[in-house]
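Here the structure is laid out as structure tokens; the discussion comes afterwards.
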2 protein chains.
Amino acid sequence: MSNTGRGLHGHVLDTLGPEITAGAYPPGSVLRTDELAQRFEVSRSVMREAVRVLESMHLVESRRRVGVTVRPACDWNVYDPQVIRWRLAGADRPRQLRSLTVLRSAVEPVAAGLAARNATAEQCAELTECALGMVANSRGGQLEGYLFHDVAFHRVILTASGNDMFARLGDVVAEVLAGRTHHDVMFDDPDPAAVTLHVQVAEAVRERDAARAEELTREITVGALQELDILAP
Amino acid sequence: MSNTGRGLHGHVLDTLGPEITAGAYPPGSVLRTDELAQRFEVSRSVMREAVRVLESMHLVESRRRVGVTVRPACDWNVYDPQVIRWRLAGADRPRQLRSLTVLRSAVEPVAAGLAARNATAEQCAELTECALGMVANSRGGQLEGYLFHDVAFHRVILTASGNDMFARLGDVVAEVLAGRTHHDVMFDDPDPAAVTLHVQVAEAVRERDAARAEELTREITVGALQELDILAP
DNA sequence: GTGACGAATAAGTCTGACCTTTGGTTCCGG
DNA sequence: CCGGAACCAAAGGTCAGACTTATTCGTCAC
């Protein structure tokens, strides 16, 4: 499951990253490279590489004569997929999930509108196929099948928008949807209204109706937010 | 100006990062760590740290017996502020600026709506102050002063939204606004309509009028998009 | 043709040495 | 008692070299 798993420094990150994002070390805490190297039983070279990566994520700052200081959460590169994964694995998972869903509610409607203008015929077909897949898996507790098509659907929308920045949020949406299905209490079958909305979005995009695609997608994300409100305070 | 400038590995990144994001090496190209170390006249350790950072940005992938292979642009972590800066410095700057402005047009209105609900009294005051600063610098070619207050204004909005993900886009907006002022042809004085809109947004937030704040901000971002359309095809 | 074996290769890892910066401490003089 | 200059030690930064390991590619036998 660990994505970083490549090499020893990846193993270090898999442990240290989640610890930091979970707030195990208050901002300003200092970690010594040597001590970390001992703790993880790796050489300083490997430890240094790990620190460099954490530094590039703005999770820590390395200064001479001081050590590796943990930065406050407001400095973190929270759009780094790795950081997102670490934070979602941590304690304040609900809060994080909410932040991400709000982001979705801002981005996806606009992306859908753009997709209605820019989607290729092939992308329209994919979209329809995904929507149909969602319908087919919407009853009888086929959660995994539903999730698969749901993720694919939103990925296509974001990619078809033709915007680099939107397209790259596909992974984020995937994490959010997967989290909702796997961790949170999800009703045995998805909301039928949501399924219908997805089908209608696919229609709207196919018919190049940008305004309708945008509005329908807004309804989907509003629904997702309400679902969170029901589950979490 | 180089943000990475810390240490030798930072210097390597300052050169190699822009090269890769500029597309100097086609996707799939292989770079050898040893050769790179020779080219930059650094030790392998330093070069390895630089590669690890590039790897964490998904710009390259390091595999045994193969080398460091450059990944296609669709894999890059385009939300990494460093990557954004590198791309904005490159040749397809206009295209990148447009992507970012579209992102702004999706996020900022929603953020403004949330800010109207969540902003503290202090944040409301800051907002008004920024808007007034923009007014004061809106005539007579005081572009730098205007830019300063403009950036501050949008930062406060994004922060006041209370959403982690939105707040972190402050840097992105800053880069976009700075780019518009410094590189692109900007009229000697900013659009008076835009200035007025900012003042009105500050008002709406102060009065807790979320819908109005959102709509007004939408007008601001639409204006920013149109401005891009005029300058670039 | 196809599968297995072996050699070449480039990254991965470790070690130990030395350099550089910098925060703290001490000591002197005002 | 306070302030600044000189000093020292701690921690990261850099380097060179040796060794390990995984992976690809070529070869050879079947």
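Order of the sequence lines sets the chain letters (A, B, ...), proteins ahead of strands, with each chain counted from 1.
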Evaluate Glu126(B) against Arg155(B) for salt bridge (Lys or Arg N to Asp or Glu O under 4.0 Å), listing each step before the verdict. CA-CA 10 Å; Glu126(B) 282 183 60; Arg155(B) 256 190 220 284; over 6 Å; no
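Against DNA chain D, the stretch residues 33-47 of chain B makes heavy-atom approaches under 4.0 Å through Val42(B), Ser43(B), Arg44(B), Ser45(B), Val46(B). Within residues 63-72 of chain B, the residues having any heavy atom under 4.0 Å from DNA chain C are, by residue number, Arg63(B), Arg64(B), Arg65(B), Gly67(B).
One can place CZ of Arg48(B) at 16 Å from P of dG13(D), the figure rounded to the nearest angstrom. At whole-Å resolution of the value, NE2 in His9(B) and P in dG13(D) are 9 Å apart. In this structure, Glu49(A) atom CD and dA11(C) atom C1' are separated by 10 Å, rounded to whole Å. When rounded to the nearest whole Å, the span between CG of Leu8(A) and P of dA11(C) equals 17 Å. Remark: C1' of dG12(D) and CD of Glu55(A) are 11 Å apart, rounded to the nearest angstrom. Rounding to whole angstrom units, CD of residue Glu61(A) and C1' of dA11(D) are separated by 15 Å.
Proximity of Val201(B) to Phe153(B): side-chain heavy atoms (C-beta onward) are separated by under 4.5 Å at one or more points. Between Val70(A) and Glu19(A) the shortest side-chain heavy-atom distance does not fall below 4.5 Å. With contacts defined as side-chain heavy-atom distances shorter than 4.5 Å, the pair His154(B)/His198(B) qualifies.
The shortest distance between the side-chain N/O atoms of Arg6(A) and the OP1/OP2 oxygens of dA11(C) is not below 4.0 Å.
With Asp150(B) contributing its side chain and Tyr146(B) its backbone, the two residues share no donor-acceptor pair below 3.5 Å.
For Arg32(B), the listed nucleotide lying nearest its side chain is dA10(C); candidates were dT14(D), dA10(C), dA11(D).
Relative orientation of the Tyr79(A) and Tyr79(B) rings is parallel, given thresholds of 30° and 60° on the angle between their planes.
In this structure, the separation between OG on Ser99(A) and CG on Asp164(B) is 4.0 Å, given to the nearest 0.5 Å. Taking CG of Leu8(B) as the reference point, atom OG of Ser43(B) lies at 7.5 Å (rounded to 0.5 Å).
Using a 4.0 Å cut-off between charged side-chain N and carboxylate O, Glu55(A) and Arg52(A) make a salt bridge.
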